[in-house]
Amino acid sequence: MTQTLTIRRPDDWHLHLRDGAMLRAVLPETARHFARAIIMPNLVPPVVTAQDARAYRDRILAALPAGADFTPLMTLYLTEQTDPDDVEAAFADGLIHAVKLYPAGATTNSQSGVSTLKNVYPVLDRMAKIGLPLCIHGEVTTPEVDIFDREEAFLERVLIPLRADLPELKITLEHITTAQGVDYVAEADGDIAGTITTHHLMINRNHMLVGGIRPHYYCLPIVKRAAHQQALRAAATSGNPRFFLGTDSAPHLDGAKESACGCAGVFSATNTMSCLAQVFEEESALDHLEAFASLNGPARYGLPVNEDTITLEKRATPCDYPARFETEDGPLTLFDPATPLHWHVT
Ligand SMILES: NC(=O)N[C@@H](CC(=O)O)C(=O)O
Ligand SMILES: [Zn+2]
Ligand SMILES: [Zn+2]
């Protein structure tokens with residue numbers, strides 16, 4: 001007997017769509033399953049002003065396949081020049097749903113990010129007043145801190161002091177990767193939530209490094225040891241409304257990944273729902289998949305849940321996802337979950 005699971009249509013609360021040829025290649029992959037996504041603003045140059053966000057939203061809408069039902073939820077890239085009035089007006093217009101903080105140098109295209117947090121306090125203060133969430137790439141960038149410890153150090157050195165200064169600010173700690181990140185989000189007072197990616201639920205650093213280095217598993221924050229993966233799986237499948245899906249699907253052309261200095265980012269839009277169903281089944285928590293993928297995110301962002309549904313069906317035959325896509329600029333490899341997937345999206 002085939003097992004089926006019908007859930008409200010999911011949303012992706014952390015997604016990189018890029019621009020141009022890459023946007024055209026990856027947008028249909030997200031729009032097929034997801035109704036909405038929080039769109040990351042780390043283009044080159046970044047999406048900094050309301051005007052940038054409006055223009056980017058129009059390019060995304062223009063790239064949607066005919067008949068697709070998908071709403072991009074725009075964000076602004078916080079810089080030390082960001083104008084609080086521009087941010088407030090964009091939020092009041094319904095154009096943006098969050099502002100994104102990249103510590104300068106932390107990740108892909110974060111050169112324009114924030115070096116001195118105090119310099120953006122006027123913007124953060126305004127956001128706290130109007131209830132606009134701040135999404136954070138939570139890693140310190142000081143060279144002495146080991147790359148595997150950057151998230152934990154961020155909690156102590158940056159996040160806790162920031163939240164003490166601005167306790168009313170709504171914060172989403174993005175793509176959490178450690179047990180410390182999980183514990184902080186679960187236990188801290190006030191308005192805090194955390195997104196978890198597909199790949200951090202599926203793989204740990206052994207998958208990336210044992211038996212050869214796999215550049216398509218390299219992302220930031222970097223995948224950690226198995227005990228952290230277990231903590232993330234427990235959090236995601238717990239039903240706790242503070243945790244929800246942000247795939248961090250982050251496409252880079254194969255040439256940029258398979259290189260002596262490869263880019264960080266995992267492209268997982270296509271097979272995320274099959275991966276998640278597998279994880280939730282393994283954790284005996286299929287009944288919490290809808291909360292993680294479809295309910296907790298909208299609640300957090302003050303948006304209605306989606307009315308339509310998707311159905312997943314567990315079949316003996318594994319899913320047949322393509323290993324890679326051809327974009328107009330070259331090949332793009334899909335996340336390889338390192339195990340056959342049996343949950344098909346019907
Ligand atoms: N996650 C990644 O490894 N890369 C993201 C940036 C980010 O989300 O940090 C990208 O834009 O490629
Ligand atoms: Zn990030
Ligand atoms: Zn990201």
Side-chain angles (χ1 to χ4, degrees), residues 11-20 22-23 25-27 30 34 37-47 56 72-78 97-114 133-141 147-148 150-151 153-155 158-159 171-178 181 193-203 205 207-208 214-224 232 244-259 261-269 272 297 327 329 332-335:
D11 304 302
D12 184 350
W13 301 93
H14 179 138
L15 176 67
H16 300 269
L17 285 177
R18 316 300 191 201
D19 220 336
M22 186 63 95
L23 168 64
V26 300
L27 180 59
T30 285
F34 296 91
I38 285 273
I39 309 302
M40 287 297 125
N42 63 332
L43 304 181
V44 188
V47 178
Y56 186 31
L73 307 174
M74 308 311 291
T75 62
L76 295 182
Y77 185 119
L78 183 60
H97 293 266
V99 170
K100 176 73 190 234
L101 167 63
Y102 290 100
T107 187
T108 309
N109 305 336
S110 61
Q111 307 86 321
S112 327
V114 174
L134 179 70
C135 292
I136 301 185
H137 179 110
E139 291 194 288
V140 297
T141 55
I147 189 164
F148 289 94
R150 287 178 161 202
E151 181 173 294
F154 186 86
L155 301 175
V158 184
L159 188 60
I171 290 181
T172 308
L173 190 59
E174 302 246 69
H175 47 41
I176 54 173
T177 60
T178 59
T195 60
I196 302 178
T197 79
T198 312
H199 48 286
H200 286 96
L201 294 172
M202 299 290 292
I203 60 169
R205 66 193 195 180
H207 296 93
M208 182 175 61
R214 292 181 182 74
H216 294 287
Y217 290 160
Y218 175 64
C219 66
L220 291 170
I222 198 159
V223 283
K224 309 294 191 304
L232 294 168
F244 49 91
L245 175 64
T247 65
D248 195 17
S249 180
H252 294 275
L253 292 175
D254 284 358
K257 299 278 306 168
E258 299 167 7
S259 145
C261 185
C263 294
V266 170
F267 171 59
S268 62
T272 276
T327 79
D329 292 338
L332 164 69
T333 291
L334 178 64
F335 173 59

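For ligands, and for the atoms within them, numbers begin at 1 and follow the listed sequence. Just so it is clear, the model here is predicted, and its values are computed rather than measured.
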* Using heavy atoms and a cut-off under 4.0 Å, could you grab the residues that are in contact with ligand 1, chain by chain, numbers ascending? => His14, His16, Arg18, Asn42, Thr107, Thr108, His137, His175, Cys219, Leu220, Asp248, Ala250, His252, Ala264, Gly265
* To do: Could you pull out all residues at least two apart from Glu258 that satisfy side chain to side chain contact (heavy atoms under 4.5 Å, CB included)?
  => Pro215, His216, Asp254, Thr333
* side chain to side chain contact (heavy atoms under 4.5 Å, CB included) against Ala104, all qualifying residues, sequence neighbours excluded -> Ser115
* Looking only at non-hydrogen atoms, find the nearest pair between Val26 and Leu17 and report the distance. => CG2-O, 3.7 Å
* Structure fact -> Nearest heavy-atom contact between Pro251 and Arg18 is O-NE, 2.9 Å
* Do you know the tightest heavy-atom contact between Leu332 and Met22? -> CD2-SD, 4.0 Å
* To do: Please state whether the rings of Trp13 and Phe244 are parallel, tilted or perpendicular, taking 30° and 60° as the class boundaries.
  => perpendicular
* **Thr177 and Lys224 side chains, donor-acceptor separation under 3.5 Å** => yes
* Asked: Say you draw a straight line from CG of Leu134 to OG1 of Thr172; how long is it, rounded to the nearest 0.5 Å?
  -> 8.0 Å
* Structure fact -> So, leaving waters aside, the tally of protein N/O/S atoms less than 2.8 Å from the Zn ion (ligand 2) stands at 2
* Do His16 and Thr108 touch side chain to side chain, with heavy atoms closer than 4.5 Å? -> no
